[in-house]
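Not measured: the values here are computed from a predicted model. A, B, ... follow the sequence lines: proteins, then strands. Residue 1 opens every chain.
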Amino acid sequence: MIEQLFLNSLIAGSIYALIALGFSIIYRTVKFFHFTHGIVYTAGAYFAYSLFTSLQFSFLISFFVSILLASLLGVIIDRTVYYPLRFKKASNLSFLIASFGVFIFLQNLIALIYGNKILTLRTGPIKEGYHIFGAVITPIQILILTVSIILVFLLWLFIKQTKLGKAMRAVFDDPLASNVVGINPERIIFISFALGSLLAGVAGILISLETNLEPTMGFIPLLKGIIASIIGGVGSIPGSILGGFFLGLVENLGIWKISAGWKDLIAFVILIIFLLLKPRGFLGIKTEKEII
Amino acid sequence: MEYLFHILIISGIYSILALSLNLIIGFTGLPAFGHAAFSCVGAYVSALLALNLGISPWIGLLIGAVMASLLGLLIGYPSIRLKGDYLALATFGFGVIVYSIAKNWVPLTKGPMGLPSIPRFSVFGFSLEPIWTYFILVLLFVLITVLVIQRIVHSPFGRILRSIREDEIASEALGKNTTKYKLLVFVVGAFFAGIAGSLYAHYITFLDPSTFTVMESITVLLMVIFGGMGNIPGSIVGATILVVFPELLRFLGLSSSMAAQVRQMIYGLLLVILMLKRPQGLMGTFRFK
C-alpha cells in the first residue's frame, strides 16, 4: 500500500513539476500569476485528442503538433491580452483577473466544441502494469516519468548552457539592466510563453493518456502547479521541480488513512501554510517586491 | 410572472453578495477571491440547523451569518498580512478548502448528493410560499445591506477603509491599526455573504456544494468590478445585469447546458474587456494598483 502511494506521488509529482516549471518560467519574466496556464494544459490534451482520435494521425505526430499548438496558444494569449495590459502598465491584479477571464472563456469554448462529456485518449489496449518493489507501474506511467525527466533536463540545459537561456536569466534577475545591455524583453517574454506553454501542453497530453479528458480538467492541476511553485519558491526552476514532487508526496501520503477526496484540501492547506510561514518557499529568490 | 420574480430574487441575493464583496475589495482594496466560502457556510449552517434540529430559518439565518463572519475572522486573520496577488491566492485557497469540506464531509453535508427539502421561511405561521412574498423578503435584506454598508462607508470607519485602500502605509503612519480595520471588513463582508447564502438555501430548498465553487466567487467578483469598484448602486446594477442578461440566452433557443457555457464565456470575455478598457467598472472610482 505505502509503496503504491510512493509511486503515485512520483507520477503526480512529475506532472505537477511540469506545470510548475512552465508556470515559473512565465512568472519570472512577467511577474504575475498566469492562470491561463491551466487552459493551455487542457487545450494541449484536446488538440492531441482531435489529431489522434478524430484525424487519425499517428500518436507521435499528434503529440508534437499538439504541443506546438499549445505553445502557440500561450503566445497568442500573451499578445492579445497581456501585451496591451503591459503596455498600459496595469497592476498585477488586473493581469490576474484578466487571466481568469481568459481561462473561463476558453474552458467554456472547449466545452462548447467538444461537449461536457468525458473523452479518452488511448494509444492501445490497456496493458497490465509491471510490479516493482511491491507497487504496480503501468507503461503509461513509465512514459510520464521518462518524458518529464528528459524535459526537465533539456530545459535545464537550455537555460544554463545556451546564449538565449543566459539572456532569459538576465531578464529574470533584472529586466531593466538587461534591456540596457541590449536584450529585448518582449522577445524573452515571447520565448517564456512559448516554452512554458509547451510544457503545459506536454503535461496535459501525458495526463490524458493516464486518465481522461474533460473541459474542466485543467483547473485543479493548474492550482496544484501554482502551489508546487510556491512551495519550491515562486520563479525558482529547481524549486518548481522540488515543489512538484513534495506536493505529490504529501498529497498522496496524506490520504493513506482517509478518503482520496481530501487530496485537494491537503494541497490547499499546504499552500496556506507556505504563504503564511514561508512565502518564498524552499528555494525562493528574493524579488524586488516584498510579498508580505 | 413567477419567472420574473425568480430572476429578481436571484438578482437580489447576488446583489447582497456583490455589495458585501465590494466593501472588501472596492472600498478597502483587499483582493478577496473566495467569497463563495462565506455564503457556503451561511447556507449550510442555516439549512442544517433547520433540517436536523428543527430550528426556525430566521434564527438559522442569524446563526449562519455569525458563523460566516467567524469564518471571515478565521480566513482574514492570516490572509490580510499578505499583499496583492498573494492575498488573492490565499483567499482563493480558502475558497477551495471550504468547498472541499462541504463536498467531502459526507456525514454532515451529504456531499454531492446534497440536502433536499430545506424548509422555507415563514412569518407568524404563514409560509412564504408565494414567490412575491419571498421577493419582498429578499428586497428587505438588500435594503438592510445597502443601509449598513452605506453607513459604514460614510462613517469615520469608512474613511479609514478608503485610506487603507489608497495608501496603507500613510494611514498606519497616522496611527491607525490597519490590521484591525481590515479584519473587521472581512467579518462584516462575510456576515452579509452568510445572509445571502442562507436566503438562497431556504429559497431553492436544495443545497449541494456545486453552488459554492470558486467560479462562483469569480462571478461575484465580476459583478463587483462590472458594476463599479467602491460604488454601492454599481454592485446592485452589476449583479442584476449579469443575472438578467444571460437569461435572455434562453430565448435564443440554446439548450440549457449550452446556455450555461455561453454565459460563462461572456463572463470570461467581460473580465478581460473590463481589465483592458475599464478596470474600475461602469460606475467605479477605484482600480487595483
Side-chain angles (χ1 to χ4, degrees), chain A residues 31-33 35 39 77 80-81 84-85 88 90-113 115-116 215-216 219-220 223 226-227 230 234 258-273 275-277 279 289-292, chain B residues 25 29 31 33 75 77-101 103-106 111-112 213-215 217-219 221-222 225 254 257-258 260-277 279 287-289:
Chain A
K31 309 259 184 331
F32 65 82
F33 291 123
F35 264 80
I39 214 66
I77 292 167
T80 52
V81 180
L85 282 173
K88 289 176 68 174
S91 72
N92 274 6
L93 279 161
S94 301
F95 278 104
L96 180 62
I97 294 169
S99 80
F100 262 131
V102 180
F103 186 100
I104 297 172
F105 178 80
L106 288 179
Q107 175 175 313
N108 287 284
L109 186 66
I110 291 173
L112 205 61
I113 296 171
N116 261 328
T216 52
F219 190 60
I220 290 294
L223 296 175
I226 296 178
I227 296 173
I230 285 179
V234 182
I258 51 175
S259 132
W262 294 102
K263 251 187 200 173
D264 297 346
L265 185 97
I266 296 170
F268 278 92
V269 171
I270 296 173
L271 168 73
I272 304 287
I273 292 172
L275 277 181
L276 296 175
L277 301 179
K289 226 173 53 182
E290 285 295 312
I291 295 164
I292 52 172
Chain B
I25 71 167
F33 285 15
I75 292 180
Y77 184 72
S79 312
I80 51 172
R81 295 190 298 151
L82 301 163
K83 296 242 184 305
D85 14 9
Y86 284 85
L87 174 59
L89 197 62
T91 48
F92 193 77
F94 276 115
V96 179
I97 290 176
V98 170
Y99 166 75
S100 182
I101 292 174
K103 195 169 136 195
N104 287 297
W105 194 355
V106 177
T213 57
V214 279
M215 280 302 162
S217 302
I218 303 298
T219 307
L221 177 76
L222 169 64
I225 299 176
L254 292 176
S257 76
M258 265 170 83
Q261 283 152 9
V262 173
R263 188 190 71 195
Q264 294 279 335
M265 279 170 70
I266 294 171
Y267 283 179
L269 207 59
L270 253 179
L271 276 175
V272 178
I273 293 171
L274 280 169
M275 286 303 111
L276 284 172
K277 299 292 173 204
R287 62 177 78 183
F288 283 123
K289 280 190 289 290

When only pairs under 4.5 Å are counted, which of [options] shares the most heavy-atom pairs with chain A?
| options | value |
| --- | --- |
| B:Leu221, B:Leu271, B:Leu270 | B:Leu271 |
| B:Met258, B:Gln264, B:Arg263 | B:Gln264 |
| B:Ala90, B:Gly111, B:Ser257, B:Pro279 | B:Ala90 |

Under 4.5 Å heavy-atom distance to chain A, tell me which part of [X] shows up: side chain, backbone, both or neither.
| X | value |
| --- | --- |
| B:Tyr99 | neither |
| B:Val214 | side chain |
| B:Leu276 | both |
| B:Leu274 | neither |
| B:Ala88 | side chain |
| B:Pro31 | side chain |
| B:Ile225 | side chain |

> Can you tell which of A:Phe103, A:Phe100, A:Phe95 makes a ring-ring contact (aromatic ring centres under 6.0 Å, His included) with A:Phe35?
Replying inline: A:Phe100
> Distance-only, no hydrogens or angles: does the B:Ser79 side chain make a donor-acceptor pair with backbone N or O of B:Leu87 under 3.5 Å?
Replying inline: no
>> Checking the side chain of A:Asn92 only, and the main-chain atoms of A:Lys31 only, is there a donor and an acceptor separated by less than 3.5 Å?
In response: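 Yes; at least one donor-acceptor contact below 3.5 Å.
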Engaged part of [X] at the chain B interface, taking heavy atoms whose separation is under 4.5 Å:
| X | answer |
| --- | --- |
| A:Ile230 | side chain |
| A:Ala111 | both |
| A:Ile266 | neither |

Roughly how far apart are [X] [atom1] and [Y] [atom2], rounded to 0.5 Å?
| X | Y | atom1 | atom2 | value |
| --- | --- | --- | --- | --- |
| B:Ile97 | B:Phe92 | CD1 | CZ | 12.0 Å |
| A:Ile97 | B:Ile218 | CD1 | CD1 | 8.0 Å |
| A:Leu85 | A:Thr80 | CG | OG1 | 10.0 Å |
| B:Leu89 | B:Asp85 | CG | CG | 8.0 Å |

>> Quick check: do B:Ile266 and A:Phe105 have side-chain heavy atoms less than 4.5 Å from each other?
In response: no
> How about A:Phe219 and A:Leu223: do any of their side-chain heavy atoms sit closer than 4.5 Å?
Replying inline: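 The answer is yes, as the side chains (C-beta and beyond) meet within the 4.5 Å cut-off.
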> Taking A:Ile272, A:Ile226, A:Ile104, A:Asn108 one by one, which has the highest count of heavy-atom pairs under 4.5 Å against chain B?
Replying inline: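 Looking at each option in turn, the highest pair count goes to A:Asn108.
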>> Heavy-atom pairs under 4.5 Å with chain B: which of A:Ile227, A:Leu109, A:Leu271, A:Asp264 has the most?
In response: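 Answer, by heavy-atom pair count under 4.5 Å with chain B: A:Leu109.
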> Does atom CH2 of B:Trp105 have more than 12 heavy-atom neighbours, drawn from other residues, nucleotides or ligands, at distances under 6.0 Å?
Replying inline: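 No.
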